[in-house]
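The model shown is predicted, which means the values in this text are computed figures rather than measured ones.
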Amino acid sequence: MTRWQRLASPGSWSWLGFAYAAFAFYLLSPLAIVVVMSLKDGPFMGFPINAWTTKWYASAMADREFLEALFLSIWIAAVSTVAATIIGIWAAVALADRRMIAVSTFFALVCLPIVVPGVVQAISLRIFTRTLGIEQGALAIVLAHTIHAVPFVALMVLTRLQAMPRNLTDAARDLGADGFVAFVRVTLPFLRPALVGGTIFAMLTSFDDFVRSTFLGGYSPTLPVLIYQRIHRGLSPEIAAISAMVLVITVALGLYAERTTRRMR
């Protein structure tokens, strides 16, 4: 019996199923504990749980500091995602052009932000923004998040762009469309699945960023920075409630991106 035949046998699939279930439990159990702790009726997180309550969610929604950090994170994520999408589309189109000189070098530059360690990138961006005279705050964070999100958008758009039949744009040009009209009316609709996935992933990456937001942030913290600051005061179930709400939003956006991308394709 060959190795593939052994893997295809019913016994091997049962072991694979057990391994998948164990791996899923390993990944999801910390998240499940956070959700459980957000429902504990007590001043601190921990077992045992004697009573259950949802007051921590109401307390979080009434927390002005939390709401300000949440709206700031959403604003930064939205602005940086729009900027990263525009730059990422341009970079993908440039990389797909076979006439471009030094394509490999440009591809390496586009992918550089996801290769450089986050701490090194945050320090270099802080020095760069100070050199430009940009104060620490939302604008500096937007710049950092845009640079970090461009590779994700560019790679997803480039993959989709390389699968696009060239006769589509050629047909549009034969019908009288110039390069810009052909790009807007033919290429962009074809890239829509990659754009949806890339923009949502870039938004989630910005919303969840901690290192760059810490180095470049001002007096108004983003949501990850605020959660980190409150951990030092004690592990309150309110922190778990905030984390649980962020988790639900993140999972919902991820599932929406996956479903929308699959349906468009």
Asker: With Leu223 as reference, evaluate Phe66, Tyr228, Phe210 under the side-chain contact (heavy atoms from CB on, under 4.5 Å) test and give the passing residue.
Answerer: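 Single pass found, and it is Phe66.
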Asker: Report the hydrophobic cluster partners of Met203, with the cluster defined as I, L, V, M, F, W, Y residues connected by side-chain heavy atoms closer than 4.5 angstrom, directly or transitively.
Answerer: none
Asker: Please enumerate all residues that pass salt bridge (Lys or Arg N to Asp or Glu O under 4.0 Å) together with Arg126, with sequence neighbours excluded.
Answerer: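 Partners of Arg126 under the salt bridge (Lys or Arg N to Asp or Glu O under 4.0 Å) test: none.
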Asker: Is the side chain of Glu238 donor-acceptor paired with the backbone N or O of Trp56 at a distance under 3.5 Å, no angle test?
Answerer: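 It does not hold such a pair.
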Asker: Could you work out, with side chain to side chain donor-acceptor pair (under 3.5 Å) as the rule, every residue matching Glu135, not counting sequence neighbours?
Answerer: none
Asker: Among residues at least two apart in sequence or on other chains, which ones pass ring pair (Phe, Tyr, Trp, His ring centres under 6.0 Å) with Phe152?
Answerer: His148, Phe201
Asker: Show the numbers, then the answer: is there a side-chain hydrogen bond (donor to acceptor under 3.5 Å, both in side chains) between Thr199 and Thr85?
Answerer: CA-CA 6 Å; Thr199 52; Thr85 301; 5.4 Å; no
Asker: Could you tell me which residues satisfy side chain to side chain contact (heavy atoms under 4.5 Å, CB included) with Ile33, sequence neighbours excluded, listed by chain and number?
Answerer: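 Testing Ile33 for side chain to side chain contact (heavy atoms under 4.5 Å, CB included), a comparison that skips the adjacent residues, returns Met37.
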Asker: How about Phe215 and Ile127: do any of their side-chain heavy atoms sit closer than 4.5 Å?
Answerer: no
Asker: Transitive ILVMFWY cluster of Leu112 at side-chain heavy atoms under 4.5 Å: who else is in it?
Answerer: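 In the cluster with Leu112 are Val116, Val120.
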Asker: Can you tell me which residue pairs pass the salt bridge (charged side-chain N to carboxylate O under 4.0 Å, His left out) test with a partner in residues 109-118, sequence neighbours excluded?
Answerer: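 Listed by first then second residue: nothing to list.
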Asker: Show me the pairs that pass side-chain hydrogen bond (donor to acceptor under 3.5 Å, both in side chains) and involve residues 34-48, at least two apart or across chains.
Answerer: Ser38-Tyr57, Asp41-Lys55
Asker: Would you say Arg160 and Arg192 make side-chain contact, with heavy atoms under 4.5 Å?
Answerer: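 With C-beta onward as the side chain, the pair stays apart.
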Asker: Indicate yes or no: at least one non-hydrogen side-chain atom of Phe128 is less than 4.5 angstrom from one of Leu216.
Answerer: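 No, too far: nothing below the 4.5 Å cut-off.
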Asker: Go through the structure and list residues passing side chain to side chain contact (heavy atoms under 4.5 Å, CB included) with Ile86, not counting sequence neighbours.
Answerer: Val82
Asker: Enumerate the residue pairs fulfilling side-chain hydrogen bond (donor to acceptor under 3.5 Å, both in side chains) with a member in residues 242-254, sequence neighbours excluded, ordered by first and then second residue.
Answerer: none
Asker: Considering residues at least two apart in sequence or located in another chain, which fulfil the ring pair (Phe, Tyr, Trp, His ring centres under 6.0 Å) criterion with His145?
Answerer: none
Asker: State, yes or no, whether a side-chain contact exists between Arg230 and Ile242 at a heavy-atom distance under 4.5 Å.
Answerer: yes
Asker: The criterion is ring pair (Phe, Tyr, Trp, His ring centres under 6.0 Å); which residues satisfy it with Trp75, sequence neighbours excluded?
Answerer: none
